[in-house]
Number of protein chains: 2
Amino acid sequence: MLATGPVRDGVPEHGRVPKYYAVKARLLALLPELGEGTPLPPERELAADYGVSRATVRQAISELVLEGRLSAHQGRGTFVAQPKLIHPLDLVSYTEAVRAMGREPGRRLVTSEELTPDGELAESLHIGADEKVIHLERVLLTDGEPTGLESTYLPSRRFPTLLDVFDPTESLYRCLQDDLGVVFAEADEQIETALASPREAQLLGTNPALPMLLLHRVSYDADGAPIERVRTLYRGDRIGFATKLRG
Amino acid sequence: MLATGPVRDGVPEHGRVPKYYAVKARLLALLPELGEGTPLPPERELAADYGVSRATVRQAISELVLEGRLSAHQGRGTFVAQPKLIHPLDLVSYTEAVRAMGREPGRRLVTSEELTPDGELAESLHIGADEKVIHLERVLLTDGEPTGLESTYLPSRRFPTLLDVFDPTESLYRCLQDDLGVVFAEADEQIETALASPREAQLLGTNPALPMLLLHRVSYDADGAPIERVRTLYRGDRIGFATKLRG
DNA sequence: CTCCTTGATTGGTTCGGACCAGTTGCGCGA
DNA sequence: TCGCGCAACTGGTCCGAACCAATCAAGGAG
């Protein structure tokens, strides 16, 4: 299990334990014996069994869903979730990363357009505010399941033929390197937690309150010229990252 | 503002927008003119103003708190939050990172003990299950504000004098290097989202449902021997990470 | 046998109310 | 004037009810 090193008991040294947390702990204790994919009893049943209101059960379940331990689907029920996938945090494409995990990568194009960048975007791509930017937005799939939503912005002037040669269900990195001769030398990457908008949640097939890992990257070639700016939302309940630090 | 690159409008192309999200958007639109540290009107007042129930306002506020845009304090009110701090993701200590941001680092010792490791911990530190482990748990402070909770586990046999020479309000890395001659060569690091337990939330002065960035690290010396295993919870509403990727 | 419709079941949203826990300000007494 | 206690105010927890939206299974009709 991902990063489950030693933890302290969750109960505060002082102060009371909220009811919903007690319910959460009881549900958590069920998971190992239930196993991946197993349905939990319905919320109304759990509320009756545990002698609390449904709202209290919902709060407990909500936290376990946020943590990626449960998976809730309106109309179907709540299930024990799969373990998180660990992606490498480095200059490889999503395709390569997923393949390295023995999983099947995929992508679904949402948006393909040319637009006028705002000041910040123009600045990070070192282009003028009057130049155009190619915007590609794709849902990232692992074994057919949406795990991320990626928005890539590239300078139109630098890649005038991109939309002609690029197949949006394939790796953009591969296309840039093999078809357009781009060399990725380095990238600046930022990571933070974020929530998805209802639109993003819909595209990812999740609830809007699910915390995401928001990755924000600007890639550069060997001359230090920006290649792309990428904003990627990964489902925090499904994805983690790993990297090796060197002194 | 951290990683706020271009975003798509949050409204789904299909389907209705939940009331709480409309409230969220209205509140979000207030923030720029209000400015950091400004109190919002009380929940009950907002509910009356917006013509919704208090629960609906709470849900909207809750999401903005999760995202680090608002900061809610029981008994005091809800305030516009400070921007997130960006930490480097590399082999420097928390002290160095915070100082580099022009902020004042600090630590508060919570736990200092010697304990028997479980199988997983013993294995990652390359020690026998009958050996002891030093466990240090500290709250990490930035300008006096708790921003992280760090649990460090070190092999007792390797560092028999550690608890004698180490001042828990100072940098452990500095102590290991300067006082005990340790050389940090590399580390394996994992990042994922997590929720704090009520205890952890209490120590961090936050609410339990606040998403955290959970960092899990094992550091090694130049001979590849493990130095420490560290589990750090950072407040997702306050902290992000940055790194440079090289091809 | 296949497809469509309906009803039951599931989780998601919203409401209003009550109560709890933490904070702050004001008034009164020493 | 200062300190303490109380009341009002704030966000946090919990309840129950109603309604909405998605899913699924069973039955009926073609």
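The shown structure was predicted, so the numbers you read here are calculated from the model rather than taken from an experiment. Proteins get letters first, then strands, A, B, ... in listed order; numbering begins at 1 in each.
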Participant: Give every residue pair that meets the salt bridge (charged side-chain N to carboxylate O under 4.0 Å, His left out) criterion with at least one member in residues 32-43 of chain B, sequence neighbours excluded.
Facilitator: B:Glu43-B:Arg54, B:Glu43-B:Arg58

Participant: What is the distance, rounded to the nearest whole Å, between atom NZ of B:Lys19 and atom P of D:dC20?
Facilitator: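 Result: 12 Å.
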
Participant: Would you kindly give the CG-to-P distance between B:Leu27 and D:dG11, to the nearest whole Å?
Facilitator: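 In whole Å, D:dG11 P and B:Leu27 CG are 12 Å from each other.
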
Participant: Which residues in residues 37-48 of chain B have a heavy atom closer than 4.0 Å to any atom of DNA chain D?
Facilitator: B:Pro42, B:Glu43, B:Arg44

Participant: Using whole Å, report how far CZ of B:Arg58 lies from C1' of C:dG16.
Facilitator: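 Taking CZ of B:Arg58 and C1' of C:dG16, I get 14 Å after rounding.
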
Participant: Can you tell me the distance, in whole Å, between the CD1 atom of A:Ile61 and the C1' atom of C:dG12?
Facilitator: 12 Å

Participant: For B:Tyr173, which residues count as a ring-ring contact (aromatic ring centres under 6.0 Å, His included) partner, sequence neighbours excluded?
Facilitator: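 Only B:Phe184 meet the ring-ring contact (aromatic ring centres under 6.0 Å, His included) criterion with B:Tyr173.
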
Participant: When the distance from NZ of A:Lys24 to P of D:dT13 is rounded to whole Å, what number comes out?
Facilitator: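 In whole Å, D:dT13 P and A:Lys24 NZ are 12 Å from each other.
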
Participant: Determine the minimum heavy-atom distance between B:Ser112 and B:Leu136, stating which atoms define it.
Facilitator: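 So the two residues come closest at OG-CD2, 3.7 Å.
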
Participant: Rounded to whole Å, how long is the line connecting atom CD of B:Gln59 with atom P of D:dG11?
Facilitator: 17 Å

Participant: Could you check how far OH of A:Tyr21 sits from P of C:dC20, rounded to whole Å?
Facilitator: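 About 24 Å, once rounded to whole Å.
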
Participant: Measure from the side-chain N and O atoms of B:Thr56 to the backbone N and O of B:Val52, and report whether any donor-acceptor pair falls under 3.5 Å.
Facilitator: no

Participant: Answer yes or no: does a side-chain N or O of A:Thr78 lie under 4.0 Å from OP1 or OP2 of C:dG11?
Facilitator: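 It does, given that an N or O in the side chain of A:Thr78 lies less than 4.0 Å from OP1 or OP2 of C:dG11.
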
Participant: ring-ring contact (aromatic ring centres under 6.0 Å, His included) with A:Tyr234: which residues, sequence neighbours excluded?
Facilitator: A:His87, A:Phe241

Participant: Would you say the side chain of B:Tyr94 lies within less than 4.5 Å of the side chain of B:Thr142, judging by non-hydrogen atoms?
Facilitator: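 Touching, per the 4.5 Å side-chain cut-off.
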
Participant: Please list, pair by pair, any protein nitrogen or oxygen found under 3.5 Å from a nitrogen or oxygen in nucleotides 23-25 of chain D.
Facilitator:
residue : atom : partner : partner atom : Å
D:dC24  : OP1  : A:Arg76 : NE           : 3.4

Participant: Side chains of B:Lys84 and A:Gln190: does their closest heavy-atom pair fall under 4.5 Å?
Facilitator: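 Not touching, per the 4.5 Å side-chain cut-off.
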
Participant: Send over the distance from A:Leu66 CG to C:dG12 C1', rounded to a whole Å.
Facilitator: 14 Å

Participant: Return no unless some side-chain N or O of B:Tyr20 is found under 4.0 Å from OP1 or OP2 of C:dT14.
Facilitator: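 No, outside the criterion.
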
Participant: Which nucleotide, C:dT13, C:dC15, D:dT13, lies nearest any side-chain atom of A:Arg54?
Facilitator: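 The listed nucleotide nearest to A:Arg54's side chain is C:dT13.
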
Participant: Return a table of donor-acceptor pairs under 3.5 angstrom between the side chains of residues 97-106 of chain A and protein atoms on other chains or two or more places apart.
Facilitator:
residue  : atom : partner  : partner atom : Å
A:Arg103 : NH1  : A:Asp143 : OD2          : 3.4

Participant: Among D:dC15, C:dT13, D:dG11, which is the nearest nucleotide to the side chain of A:Ala55?
Facilitator: D:dC15

Participant: Is any side-chain N of the basic residue among A:Arg231 and A:Glu200 closer than 4.0 Å to the acidic one's carboxylate O?
Facilitator: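 Salt bridge present between A:Arg231 and A:Glu200.
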
